[in-house]
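Proteins come first, then strands; the chains are lettered A, B, ... in the order of their sequence lines, and each starts at number 1.
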Protein chains: 2
Amino acid sequence: MSLPDKRGRIDHRAPRLLWQQVCDDLRADMDAGVLAPDARLPAEPDLAEQYGVSRDTIRRAIQELVGEDRLVVLHGRGTFVTPRE
Amino acid sequence: MSLPDKRGRIDHRAPRLLWQQVCDDLRADMDAGVLAPDARLPAEPDLAEQYGVSRDTIRRAIQELVGEDRLVVLHGRGTFVTPRE
DNA sequence: CCCGATTTGTGCGTATGTATC
DNA sequence: AGATACATACGCACAAATCGG
């Protein structure tokens, strides 16, 4: 077992900030249904490894998506795709 | 009851990363038979205290050794030396 | 069956140092 | 000078799994 490699989705030389690129990719996965409502994301350190960025960058991206009501973070449990009402 | 002091095995000023030093020490104990197959390691907070490092550092070391198939981690039970086949 | 202790899982917040743009 | 990003490391709080009384 190994983590899916998502480094190819991030361009470290692009003019767009890394955390925004992570946002874009997570949004795309949610829109495509790869990340369904109520689904739990991998842990922050795991996401950092998958995307090949730091945990700091992952946290910024998550913070943004929480502000957009697309993710919900539960302390000690994990980060989840916002459930359908 | 008191925990064995393993702080002397860790050099906070060495060029080698702390979690790698912990890895080295755990590997040495396994190779020497001090940690036999199926043996349970002390809990993560206890290891952290023994080595004088954070639990985070201990977990990184454990994660590495799991990747090497030398340790097995069981939620709610403990961390064990990989059994012989 | 319930309760508490133990242990791992996860996230929160922060700090330091380095490198790059 | 400042913002962005990385890597490492620390301590803490809360959640979930397991086990024993």
Side-chain angles (χ1 to χ4, degrees), chain A residues 1-3 5-26 35 38-67 69-83, chain B residues 1-3 6-7 9-26 35 38-67 69-83:
Chain A
M1 269 292 297
S2 65
L3 293 169
D5 188 346
K6 299 186 176 178
R7 287 175 298 176
R9 306 186 190 180
I10 304 296
D11 182 358
H12 287 251
R13 295 179 185 175
R16 191 157 174 75
L17 298 181
L18 290 184
W19 67 266
Q20 291 174 332
Q21 294 183 46
V22 173
C23 272
D24 294 341
D25 193 63
L26 290 175
L35 286 173
D38 283 309
R40 206 195 73 187
L41 272 62
E44 292 174 352
D46 291 339
L47 285 173
E49 186 180 347
Q50 286 179 33
Y51 281 105
V53 300
S54 71
R55 182 190 164 205
D56 206 37
T57 299
I58 294 297
R59 286 170 62 84
R60 285 177 191 237
I62 290 174
Q63 184 181 33
E64 170 67 21
L65 293 173
V66 167
D69 285 323
R70 304 205 61 167
L71 291 181
V72 178
V73 177
L74 300 180
H75 189 184
R77 291 189 55 198
T79 301
F80 300 82
V81 179
T82 304
Chain B
M1 270 293 296
S2 67
L3 296 168
K6 298 186 174 177
R7 287 175 298 176
R9 306 186 189 180
I10 304 296
D11 181 358
H12 287 251
R13 295 179 185 174
R16 190 156 174 75
L17 299 181
L18 290 184
W19 66 266
Q20 291 175 333
Q21 295 182 46
V22 174
C23 269
D24 294 341
D25 194 63
L26 290 175
L35 286 173
D38 283 308
R40 207 195 74 183
L41 272 63
E44 293 173 353
D46 291 339
L47 285 173
E49 187 180 344
Q50 287 179 33
Y51 281 106
V53 299
S54 72
R55 186 187 165 201
D56 196 46
T57 299
I58 295 296
R59 286 176 61 80
R60 285 177 190 240
I62 290 174
Q63 183 181 33
E64 170 67 21
L65 294 173
V66 167
D69 285 322
R70 305 205 61 166
L71 291 180
V72 178
V73 177
L74 300 180
H75 189 185
R77 294 188 54 197
T79 301
F80 301 82
V81 180
T82 304

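No side-chain heavy atom of B:D11 sits under 4.5 Å from any side-chain heavy atom of B:R16. Side-chain contact between A:V81 and A:L41 is present, with heavy atoms from C-beta onward closer than 4.5 Å. In this structure, the side chains of A:R59 and A:R55 come closer than 4.5 Å at one or more pairs of heavy atoms.
For B:V73, whose side chain is taken as the heavy atoms from C-beta onward, the closest listed nucleotide among D:dA5, C:dG11, C:dT8 is C:dT8. In this structure, of D:dC10, D:dA13, D:dC6, it is D:dC10 that holds the atom nearest to the side chain of B:T57. Which of C:dT8, D:dC10, C:dC12 sits closest to the side chain of A:R59 comes down to C:dC12. With D:dA7, C:dG11, D:dT8 as the choices, the nucleotide that has an atom nearest any side-chain atom of A:S54 turns out to be D:dA7. The side chain of B:P45 sits closest to C:dT8 out of C:dC12, C:dT8, D:dT8.
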Can you name the atoms? Protein N/O to nucleotides 17-21 of chain D N/O, anything below 3.5 Å, with the distance.
residue, atom, partner, partner atom, Å
D:dA17, O4', B:H75, ND1, 3.4

>> I'd like to know whether A:Y51 forms a side-chain contact (heavy atoms from CB on, under 4.5 Å) with A:D25, so could you lay out the CA-CA distance, the side-chain angles of the two residues, the decisive distance to 0.1 Å, and finally the verdict.
In response: CA-CA 10 Å; A:Y51 281 105; A:D25 193 63; 2.6 Å; yes
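As a whole-Å value, the separation of A:R40 CZ from C:dT10 C1' is 8 Å. For A:Q63 and C:dG11, the CD to C1' distance is 13 Å, given to the nearest whole Å. Between the OH atom of B:Y51 and the P atom of D:dC10 there is a distance of 14 Å, given to the nearest Å. Rounded to whole angstrom, the span from the CD1 atom of A:I58 across to the P atom of C:dG13 amounts to 17 Å. Computed from coordinates, the B:R55 CZ to C:dC12 P distance equals 15 Å when rounded to whole Å. Atom CD of A:Q20 and atom C1' of D:dA5 are 13 Å apart (whole Å). Per the geometry, CG belonging to B:D56 stands 15 Å off P belonging to D:dA7, to the nearest Å. The distance from atom CD1 of B:I62 to atom C1' of C:dT7 is 11 Å, rounded to the nearest whole Å.
OP1 or OP2 of D:dA9 sits under 4.0 Å from a side-chain N or O of B:W19. Distances shorter than 4.0 Å separate none of the side-chain N or O atoms of A:T79 from OP1 or OP2 on C:dT10.
Residue B:Q20 places its CD atom among more than 12 non-hydrogen atoms of other residues, nucleotides or ligands, all under 6.0 Å distant.
Considering B:L47, B:V73, B:L74, B:L65 in turn, B:V73 is the only one that fulfils the side chain to side chain contact (heavy atoms under 4.5 Å, CB included) rule with B:T79. For the side chain to side chain contact (heavy atoms under 4.5 Å, CB included) test with A:R60, the passing option among A:D56, A:I62, A:I58 is A:D56; the others fail.
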